[in-house]
Number of protein chains: 2
Amino acid sequence: MTKFKPTDAEIEILHILWEKGPASVRDINDILNGRREVGYTTTLKLMQIMNEKGLLKRDTAARTHIYKAVAKELDTKNNLISDFVNMAFQGSSMDLVMQALGNSTSSPEELNELKSLIAKLENKE
Amino acid sequence: MTKFKPTDAEIEILHILWEKGPASVRDINDILNGRREVGYTTTLKLMQIMNEKGLLKRDTAARTHIYKAVAKELDTKNNLISDFVNMAFQGSSMDLVMQALGNSTSSPEELNELKSLIAKLENKE
DNA sequence: TTGCAATTACGAAAGGCTTCGTATATCTTT
DNA sequence: AAAGATATACGAAGCCTTTCGTAATTGCAA
């Protein structure tokens, strides 16, 4: 299991690729520009670096390269959570869960989902 | 409400001050050195910067300055969670909660605590 | 009091992230 | 074929974080 440690800008791009699937730099840049102003070569450079790091893989057959995410969404987020818990909650996932939950506004449906998950965890022991 | 945005190294120091209360640079540096090698002036500089940023306040009456945390633990962690959720979970606290919980190994007591919290949230609506 | 130890202040280097300018190559359109 | 648009490659600047070296100051001990 490789250790993914994407930066903030990289994660934003990963999210887009996870959702949309393989895309060109132009595709990604257009989406980013819908949120805020980003230069094309900025996005390009970022994705080239991500490719070097192994976060993305690209198909260079055509002039316009097509990139896809290598880093898996679940794995990546788990790594992020793990780092975050260590940094901010001294390793206690439950502390994070409690505080994040306490601070969020959650619908009854979401709370039910959460209760199911807890029930599942309880049966595992 | 000021926006605290401590860096990783700063958060490590904040944790110590939150737990131990006011302390000198020497105190903090000794504790940090129990975990890993850190130069004294490194810790000093960090705490000076934190003081400038308003994260810490210091008493300079004596030669050895005494620092205390200004940033409140709960507020700071809430801010960190908020940023993290936006960055990694596109704003959905519940997604974070579910994934963090699913990935943690939690004791029956902790799960009970969590259920109480959920019950409390359910009554609030 | 003289020298050693501890403290603060300050500057700056090293590394990482993000951004962009410029050069070059490859299409597309006329 | 020429001109313009679009793509990639590359280097470097700017900023932030972390780290540490050096100098100056203060306190303590012999």
Side-chain angles (χ1 to χ4, degrees), chain A residues 3-16 22-68 71 76 79-80 83-84 86-88, chain B residues 3-16 22-68 71 76 79-80 83-84 86-88:
Chain A
K3 55 171 180 179
F4 299 128
K5 183 63 189 183
T7 66
D8 288 15
E10 289 171 348
I11 286 168
E12 191 175 13
I13 289 174
L14 282 174
H15 270 122
I16 296 172
S24 67
V25 173
R26 173 67 55 199
D27 295 333
I28 302 293
N29 190 246
D30 285 349
I31 293 175
L32 291 178
N33 268 298
R35 305 175 185 176
R36 112 195 83 86
E37 200 166 315
V38 195
Y40 175 83
T41 55
T42 299
T43 304
L44 170 66
K45 179 70 167 187
L46 219 22
M47 292 175 73
Q48 286 171 339
I49 291 171
M50 293 172 77
N51 178 63
E52 281 167 22
K53 288 189 186 175
L55 259 35
L56 306 184
K57 217 178 66 180
R58 66 179 177 183
D59 178 352
T60 60
R63 179 164 92 105
T64 300
H65 300 352
I66 300 297
Y67 292 75
K68 59 180 242 185
T76 304
N79 287 333
L80 291 173
D83 284 352
F84 182 66
N86 285 334
M87 184 270 287
Chain B
K3 56 170 177 178
F4 300 129
K5 183 61 189 185
T7 66
D8 288 14
E10 289 171 348
I11 286 168
E12 191 174 14
I13 289 174
L14 282 175
H15 270 122
I16 297 172
S24 67
V25 174
R26 174 67 54 196
D27 295 333
I28 302 294
N29 189 247
D30 285 349
I31 293 175
L32 291 179
N33 267 296
R35 304 177 186 175
R36 113 194 83 87
E37 200 167 313
V38 196
Y40 176 83
T41 54
T42 299
T43 305
L44 170 66
K45 179 70 165 189
L46 219 23
M47 292 175 73
Q48 286 172 338
I49 290 172
M50 292 172 77
N51 178 63
E52 280 167 23
K53 287 189 186 173
L55 259 34
L56 307 184
K57 215 178 67 180
R58 67 179 175 182
D59 178 353
T60 60
R63 180 164 92 106
T64 301
H65 301 352
I66 299 298
Y67 292 76
K68 58 179 243 186
T76 304
N79 286 333
L80 290 173
D83 285 351
F84 182 66
N86 285 334
M87 184 269 288

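The model shown is predicted, which means the values in this text are computed figures rather than measured ones. So you know, we letter chains A, B, ... as the sequences are listed, proteins then strands, and number each from 1.
When heavy atoms are screened at a 4.0 angstrom cut-off, Thr7(B) is found touching the sugar-phosphate backbone but no base atom.
Chain A approaches DNA chain C over the interval dC17(C) to dC27(C), counting the first and last nucleotide 5' to 3' with an atom under 4.0 Å from its heavy atoms.
Computed from coordinates, the Ile13(B) CD1 to dT19(D) C1' distance equals 12 Å when rounded to whole Å. Between Asp8(B) atom CG and dC16(D) atom C1' there is a gap of 13 Å when expressed in whole angstrom units.
In this structure Lys53(A) satisfies the salt bridge (Lys or Arg N to Asp or Glu O under 4.0 Å) test together with Glu10(A), sequence neighbours excluded. By the salt bridge (Lys or Arg N to Asp or Glu O under 4.0 Å) test, Asp30(A) pairs with no residue at all, sequence neighbours left out. Not a single ring pair (Phe, Tyr, Trp, His ring centres under 6.0 Å) links His65(A) to another residue, sequence neighbours left out.
Within the 4.5 Å cutoff, no side-chain heavy atoms of Tyr40(B) are placed close to those of Asn33(B).
Shown here for Pro22(B) and Lys68(B), the closest heavy-atom pair between the two residues is CG-CB, 3.9 Å. Of all non-hydrogen atoms in Val38(B) and Asn29(B), the two that sit nearest each other are O-ND2, 3.5 Å.
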For residues 55-64 of chain A, which side-chain N or O atoms pair as donor and acceptor with protein atoms under 3.5 Å away, sequence neighbours left out?
unit_1, atom_1, unit_2, atom_2, d
Arg58(A), NH1, Tyr67(A), OH, 3.0
Asp59(A), OD1, Ala61(A), N, 2.8

What string of B, S and - do you get for nucleotides 5-14 of chain D 5' to 3' if you count protein non-hydrogen atoms under 4.0 Å? -BSBBBBB--
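Looking only at distances, a side-chain donor or acceptor of Ser24(B) sits under 3.5 Å from a matching main-chain atom of Asp27(B).
With the nearest nucleotide of DNA chain C identified for both Ile49(A) and Ala62(A), Ile49(A) has the one nearer the 5' end.
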